[in-house]
Structure formats: C-alpha cells, structure tokens
Amino acid sequence: MVYYFGKSKTEGKGLAKTLLGGKGVNLAEMTSIGLPVPPGFTITTEVCGDYYKHGKQLPKGLMEECHDAIAQLEQELGKKFGDNDNPLLVSVRSGAAVSMPGMMNTILNLGLNDAATEGLAKATKNERFAYDAYRRLINMYGDVVMGLSHHSFEEAFDKIKKKYKVTEDTEVPAEGLKELCEAYKDVYKKSAGEDFPQDPIKQLQLAIESVFGSWHADRAISYRRIEAAKGNTEIANLIGTAVNVQAMVYGNMGDDSGTGVGFTRDPNTGLNKFYGEFLINAQGEDVVAGIRTPQPVAEMGKWDKAAHKELMEIKDKLETHYKEMQDIEFTIEKGKLYMLQTRTGKRNGIAAVKIACDMVKEGLITEKEAVLRVPASDLTHCLLPSFKPTARNAADVLCRGLNASPGAAVGKLVFTAVEARERFEAGEDVILVRRETSPEDVEGMSAAVGILTSTGGATSHAAVVARGWGKCCVAGASDVEINEKAKTITVNGRKFTNKDTISLDGTTGEVMAGEVETQEPKLSGDFAKLMEWADKYRTMKIRTNADSPADAKRAREFGAEGIGLCRTEHMFFEADRIIHMRSMILADDETDRRAALKKLLPFQRKDFEGIFKAMAGLPVTIRLLDPPLHEFLPHEAAAQKDMATELGVKPADIKKRSEALHESNPMLGHRGCRLSVTYPEILEMQVQAIVEAAIICAKKNIDAQPEIMIPLVGTAAELRILRAKVEETIEVTKAAKKHEGELKILIGTMIEIPRACLTANEVAEYADFFSFGTNDLTQMTFGYSRDDVGGFLPDYIEHKIVPVDPFQSLDQAGVGQLVEMGVTKGRSVKSKLKIGICGEHGGDPSSIGFCNSTGLDYVSCSPFRVPIARLAAAQAALKQAK
Ligand code: PEP
Ligand code: MG
C-alpha cells in the first residue's frame, strides 16, 4: 500500500503510473537517478479505490505502514514528527495517473503543533517563519480537511494586521503571528467543534482521507467528465488518486529561498528554451495561484547563479533520461535546490509537433517515436485559425497579457462559468473573463471560445487548463479591471459590457476590441515533416466526408486521398434547389415527380462535376439520397389548445414542454435505399447526374472516379435490385450521351444496419465495396437515437455505464464486433473487397486504431480531421507492428 522513496531505498522504482500516480512514479524515478528530491512515500491509487469500495474507510494496516515509513523518514533526516527540537514536517498531495491540474487537495506543513512550532523556531532560528508555517497549516487544514469557511480565518488575520498597523501579511511580526496562531486555533475550535489536532499522526490520517475525498469533489468529477467526453479514455478508467507524503522544504525561509515551476521547453511554441517562473521567498502554491507575479527563470542567475546553473543541468539530465519535455517544480531552501516534481509537460499541438521534430534532429528520439509522440487529436491546434495580418494591424488593441495558450478567439464577454455555459448553450461564442480561474470554473472554460484573466502567470490554472484543451487564453492582462457584479471590464478607461465582443490573440497575448477577422492556418514546416513521416508508416488510406467542391479541395490540401462519403442530400438545401425538392416530395404521381427531379438534375450534375474536378484522379463515393423526405419539409405543430383548455393551463406551457420532450427517434422509417425502392426515379436522376458529370469530366480529360453508394441496406435483395437499377441507368445515360469510352464506376453499399453485418456474405455478392456507416450502426446496435442521446448520455458517462460517447469513439466491444463480422463475412466471398468507414468515428484516433487492426482499407472523416486521421493511422500501424 505504501512505497518509500529516499536515499536509503526507492521502493516504487519502475512501478506503473496507474498504481503510484504520475507524481509518485516520477518522485521515485528522480530519486533513483540521483536528483535532489526530499524523501517521502506514496500511498497507491488502489488504496483510494478500496477507500470508496469500503464506504470511505481506510484499509486495515494502512496507518501502520505509514507509521513505518514516517519512522524511516525520521531516521533519514534526523528529525522527529511533532518534535520540540527539530520537527519533521511533511506535505500531503494528491497525484492521479493522469494529471488533473489543481482539482484535488494539498496540505502543507503537516506535523506542526504547539510544541513542534517551537521546535521549528529553534531549528531554523526563525520564530517568525515557524509561526507563519503554523498559521498556514491551521488555515489550510481547516479549509481543506475540515471544510471550514475561509472567511473567519481572514477576519482573524485582519484583526491582527489592524493591531500591528500593517496592511501586508509579510509585515506582521513574529509576536503577531504567534497571536494569530492562537486566534486561528480558536476559530478552528469554534467552527469544527473540536481542537486543532496536536497529534501529527492524526493530522496525517485525516489529510490522507481528505485527499481521497477530493477525488469525488464536484470539480474533479466535472474535469474528468469533460476530459472523457473529449475522448480521454485514460482518465475515464482511473480508480482513484495516489497520495504523496513528502518531507517539506521551504522556499519561504528568506531572500535566499524561493520556489518555481517550469517546462524544459516552451509549451506554446515548442522552442528548446526553458520556460519557467520563480518567486523569491515564497511557498510552492504561490506561483501557480497567481497571487504574486513571478519572474522568468531566465532572470534567476542574477539572484542565485549556482542554483540556476544546477537547475539547467537537471533540466538537461531529465530530458536525456525521459527523452521527453518535462514540467517541473522546484524549491530553493537557503540556496539548496530541491526537485519536487517532474512529469511529461503538457503542450499544445503546435509545440508537440515542433518538439517531436526537434528531438529527432537532436538524436533523442527516432522518426517513429516522433510519430507516436504527438497526440493525434492535438493536431487540431496546428489547424487553428489565427488573425488575418491586415485585420490585426488595423485592430484596436486594448492591452497585452501573457500569451498563455495560442489561437484566435472572438466572442462576447461573460463573467462567470455559469453564464458561459448558458450563453454557449444558447449558441453564442463567448469569452470568459476572470481575475484568475479556479478549478470550479472548468465547465465555463470548456464552454468558452477563449479565456482572459487579469492576474496570474503562464503557469496559472487558466493557462495550464486552456493549453491542455488547445483553447485560446490570455492570462495576467493586468490592465483589465473586472467588475463581475456590474458585468463590465474597464481597460485603460474604456468600458465593455457582456454585450460587447472582443478578440483574443493567445499567440501574442493581445486583447482587442470588437471582432477581428481570422484566417486559416498554414500547413508547412514541422507539421509537413511530421505528416510526411506519418504517411510513410501508415497503411490505411485516408478519405474525407465532403459534399461540395470547396470542402473537397480543402480536404485534399489536408491530404485526403479521395471522398469516402458525399451526402447528396446536403446539395438539396440551398435556396435555388429546395423548392424543386419540395415540389418533388409533394408530387402526387410519378410524372410530376419526374418533372421536379428534372429541375434538380442540372444542379446535381454541376456539383458532381466540381467535386470530381477537385478530386481528380481520386475515388469519390457518392451516396444516393438517404434521409426521410419529411426532413425537407417545414415542420409545424398545432392543436395543443384543446388540451390546454381541458387541463386549465396555458397553451404555451404545453407547447414548451412538448417541444422539450420531443424526440425524433431513430430514423428507422422511409429512408435510405427504401426511398429508391419506392421512388426509383430519384435514384435514376442522381445516377444520371453522376454519369453525365463523369462524361463531361472525361471530355475535359479530368480523371473522375465515381463510386455509387447505396445507403441503409439490410438485405442482399435490396442491393441486388438497386444495383441492377443503377447499372441500367448508367447504360441508358451513356447511350443517351453517346459516350463510347469506358466509365469505371463502382457500385457498393453502406453497412449501417446490424442485419447487413450479420449477412455481409450475402450482401457482398452485389457490392464492389463496403463502407461502414457507424453512426447509424451505433444507433441501431445500442438502440439510442443519435439525435436525442443528449438527454441521458451525460448521466451514462458519469455513471460509467459507457466510458465515452459511443457516437464519438467507436464501441469496440459491441459495435466493433459487428464491424469485424461484416469485414470477415464480406471478404469470405470477395477476398479483396474494398472496405472503409465513413461514420464520425473515421476521425477519432482510438476508433482509427480499431479500423487498422480490423483490416479496413480506409477511413473517411471531415476535412479538418484528415491530418489527425493520417497521424492516428500511422500510430495504429506502428503500434500494431510492435
Ligand atoms: C453513418 O450512418 O455512419 C453515416 C455516415 O451516414 P449518416 O451519418 O449520414 O447517416
Ligand atoms: Mg447513415
């Protein structure tokens, strides 16, 4: 249950992160490579799991093991817990396998009591320091462990400051702090109904329980839910947090002490330059909390040359050891440097790509490792928009803060997390403005397009969280005065309200008034290099889902190798076409229907021609009309009036409720291939348009490669009949156009109904290709309507009924079996059957991994996800080859 790390032994070396948590594993690792780490011990994540399993009871024997570890610490350091001469003090910190910045509890200076505080004063010859540490402990312990209100502690502090006629905490003399400790103990007793515990072991036990307790705090649950919803499966499977108990070192022992945090490379740009900040005479949390503004580590040499030099050497040693960019915490106690933490540094996609490419150049990692190193979904950051240079030059720059997380954000001001969420849900782009963010704000941060804070450094909570999410953030913009109550900001005398729009440049840190025009990113340099490596190692092809020449062109620029799904229905919605579509739907007989279809034909032909041109030389899978026809008609509800009279309520209330409850349940109706069976003339028009467009292209020497795809097939007979109809139409059109040359048009089907998977060997008889429509397949396998799933899915994720949204990341255990069956059965009759996927999962890295191992030929995804899919496919191929 407990693993010691120190000079005498390092028990946790080489153990898994899932057991010791990220912090615990690396403390053991750093200790074992000889770095200066204060000794301590780690309680495993399994203990946290057991704690919850057994109704919040610590497992038997745990405190005995802690006792032994404390004894070992006492021996190693020559200090004693609770001693009135030279007391041992520890920090108690959480540390899950996946970092959750600031979400869980930390207690510092644990082990102080009345006697030990005197002991500390003696040992350090610094009474002021000792009582300062004690008052911090009582306050933090009261806050964190006992959940007491911070307010009463603040009141007591204000009284003391008044008495000594000072304004700053640091100005209160030792006697004042001594009095303050007495006052704090009174506050504690009054609020908690018991004395502040003088027994250090009791303090330790309650602190451990409180860290475990914080695993289930609302903010921690929210953070895990948001991360899980974004596809972080690792976080969804955690059993709990580890607890690290470590000997304290002090950065607040005077002007020869300090504390800092930093990244071994710049997490925004990826530049190989230490990126860190430190504060003189401060304790750990002060840097991250953003209360004082820290100095850059580049300045540290001026203050303590030796410590700075040692820190730079440790930085190199860590990178050589881990072959990865590290995020570190350090403290200098009276000129002596200690490492408190190291972990893989969070970085945005832009930095991740640069670091991976640089590390290959530096010989630290191989090309393959570089490909595996960049989280595929983080490539989105490289594809982020920026501001148009001309627009930026003309922009009304209000002030500049820290460039905490890159990107360009334009939105209306919101002042609280709740408001951010509400206005986001109402469809607005919002920018969350806070003095500094705290873990309570994560829901609002997630809803905002950008985050602006007025205090806090580049490693403050807002910065760290935003960077992890690839969200634009400007931090520490001190010229922004926030009035949360009035919902206004004032910047250099100019006032903006929650109705005003501002623009944030997370890359430069600038805050601009109004809407500044943005532009698409450029995909060259390191990005292109990484993509080149990815293409070298992947085996699956990457196509795109696109319905217009513009999308097809963009996707091709992103590296798409064809279109895997062109949803033809999207072509009918434009103003000049919907009218004909509607008259086709309203037609009473075939003649009228054909007349309307005839008007649609030229539009379709032109669209196809444009798409074939954009994708010249590459396959284009065109799906025949799929949605039920009612989707093309305007929807109106009525007749709630009678019910209202009968119940004596307002009709508006019924309307509101009925709208809220309305579910457009799974589209199991008259759609997909069923439409073509009933109205073959629709199929004929579409096929005719495709063939005519292909003939026009052939004349213009454009290599069009159409693939006609029939949706929603559940029986082989459907495909047999419709295939024959398509073939006949191709021939008729060719003859009508007197086209002699060969047109190579494949005819295949979507596999999106469970029955099609079960009978894929029969369906394959009539198919040149299969494309898994995993959106519908997921819907029909789970029996969840894809349109209404939002009503309960968040609860399902929270209760871990499903680990992640199955419409985003393929349910490999269930839906995956059907996909495997479809592949196996399909290829049992046609061994070379071309098979792809065009559901949303085609752009999801973990689903792409599954497609690779299932033997699919290609995945197809939206244009912006093409680079992600290229990288994910390479990662899947490399992992599979291992
Ligand atoms: C699917 O069902 O997976 C699919 C791609 O088709 P659509 O989303 O248009 O139903
Ligand atoms: Mg479908």
Side-chain angles (χ1 to χ4, degrees), residues 542-548 551 555 560 562-573 619-632 664-676 682 686 707-715 718-719 722 748-757 760 763 767 769-790 805-812 814-816 818-819 822-823 834-844 847-848 850-851 854 856-863 865-866 869:
I542 310 298
R543 296 199 194 180
T544 191
N545 293 357
D547 330 305
S548 70
D551 279 359
I563 287 182
L565 174 63
C566 169
R567 290 178 164 104
T568 50
E569 60 270 21
H570 291 172
M571 300 168 167
F572 294 125
F573 280 101
V620 175
T621 306
I622 298 160
R623 177 177 72 185
L624 301 184
L625 190 65
D626 183 14
L629 299 181
H630 73 77
E631 289 201 359
F632 298 93
S664 46
N665 262 323
M667 298 191 300
L668 300 175
H670 200 173
R671 60 170 288 216
C673 63
R674 298 158 205 168
L675 286 173
S676 296
I682 302 179
Q686 292 202 287
E707 300 179 342
I708 295 173
M709 179 155 78
I710 298 174
L712 222 72
V713 159
T715 70
E718 286 166 326
L719 191 58
L722 295 177
T749 182
M750 292 192 75
I751 301 287
E752 49 186 345
I753 288 187
R755 194 182 186 284
C757 299
V763 176
F769 63 90
F770 278 178
S771 177
F772 284 97
T774 42
N775 301 336
D776 275 312
L777 193 58
T778 299
Q779 161 168 275
M780 289 185 227
T781 306
F782 274 96
Y784 300 163
S785 161
R786 52 196 269 200
D787 296 328
D788 302 324
V789 74
D805 179 350
F807 289 99
Q808 285 183 27
S809 194
L810 191 80
D811 161 48
Q812 297 176 19
V815 180
L818 287 168
V819 173
V823 172
K834 182 154 73 163
I835 305 182
I837 178 175
C838 62
E840 274 308 292
H841 308 91
D844 167 63
S847 314
I848 292 170
F850 171 81
C851 294
T854 313
L856 262 52
D857 297 301
Y858 69 87
V859 300
S860 187
C861 56
S862 61
R865 286 164 114 187
V866 166

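Counting convention: from 1, in listed order, for ligands and their atoms alike. Computed from a predicted model, the values in this text were never measured in an experiment.
Atom numbering of ligand 1 starts at 1 in the shown order; those under 4.0 Å from a heavy atom of Gly773 are 1 (C), 2 (O), 3 (O). Atoms of ligand 1 lying under 4.0 Å from any heavy atom of Cys838, numbered from 1 in the order shown and given with element: 5 (C). Within ligand 1, the atoms closer than 4.0 Å to a non-hydrogen atom of Asp776 are 1 (C), 2 (O), 3 (O), 10 (O), numbered from 1 in the order shown. Per-residue contacts place Asn775 under 4.0 angstrom from the following atoms of ligand 1 (heavy atoms of the residue considered): 1 (C), 2 (O), 3 (O), 4 (C), 5 (C), 8 (O). Listed by number with element, the atoms of ligand 1 under 4.0 angstrom from any heavy atom of Met750 are 4 (C), 5 (C), 6 (O).
A distance-only check finds a donor-acceptor pair linking the side chain of Arg674 to the backbone of Leu668 [under 3.5 Å]. With hydrogens and angles ignored, the 3.5 Å screen pairs no side-chain donor or acceptor of Asp776 with any backbone N or O of Leu712. Between the side chain of Asn775 and the backbone N or O of Gly839, no donor-acceptor pair lies under 3.5 Å.
Taking a 4.0 Å cut-off on heavy atoms, Gln779 fails to register as neighbouring ligand 1.
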Margin query: Under the criterion side-chain contact (heavy atoms from CB on, under 4.5 Å), I'd like the reasoning laid out for Ile751 against Cys757: C-alpha separation, chi angles, the key distance, then a yes or no.
Written below: CA-CA 7 Å; Ile751 301 287; Cys757 299; 3.6 Å; yes
Item checked: Steps toward salt bridge (Lys or Arg N to Asp or Glu O under 4.0 Å) verdict (Glu718, Arg755) -> CA-CA 12 Å; Glu718 286 166 326; Arg755 194 182 186 284; over 6 Å; no
Margin query: Run the side-chain contact (heavy atoms from CB on, under 4.5 Å) test on Val819 and Phe850 for me, step by step, so that the C-alpha distance in whole Å, both residues' side-chain angles and the decisive distance to 0.1 Å come before the verdict.
Written below: CA-CA 10 Å; Val819 173; Phe850 171 81; 4.0 Å; yes
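Ser860 and Leu565 get closest at one heavy-atom pair: OG-N, 3.9 Å.
In Glu840, neither the side chain nor the backbone holds a heavy atom less than 4.0 Å from any atom of ligand 1. Counting heavy atoms under 4.0 Å from ligand 1, residue Thr774 touches it through the backbone alone. Contact annotation: for Leu565 versus ligand 1, heavy atoms closer than 4.0 Å belong to the side chain alone.
Of the protein's non-hydrogen atoms, the one nearest atom 6 (O) of ligand 1 is Arg623 NH1, 2.9 Å. In this structure, atom 9 (O) of ligand 1 lies nearest to the protein heavy atom Arg567 NE, 2.7 Å.
Note: Phe632 and Phe573 have parallel aromatic rings, judged against thresholds of 30 and 60 degrees for the angle between ring planes.
Considering just the N/O/S atoms of Glu752, the one nearest the Mg ion (ligand 2) carries the name OE1. If you look at Asp776 and ask which of its N, O or S atoms sits nearest the Mg ion (ligand 2), the answer is OD2.
Between Leu777 and Pro754 the shortest side-chain heavy-atom distance falls below 4.5 Å.
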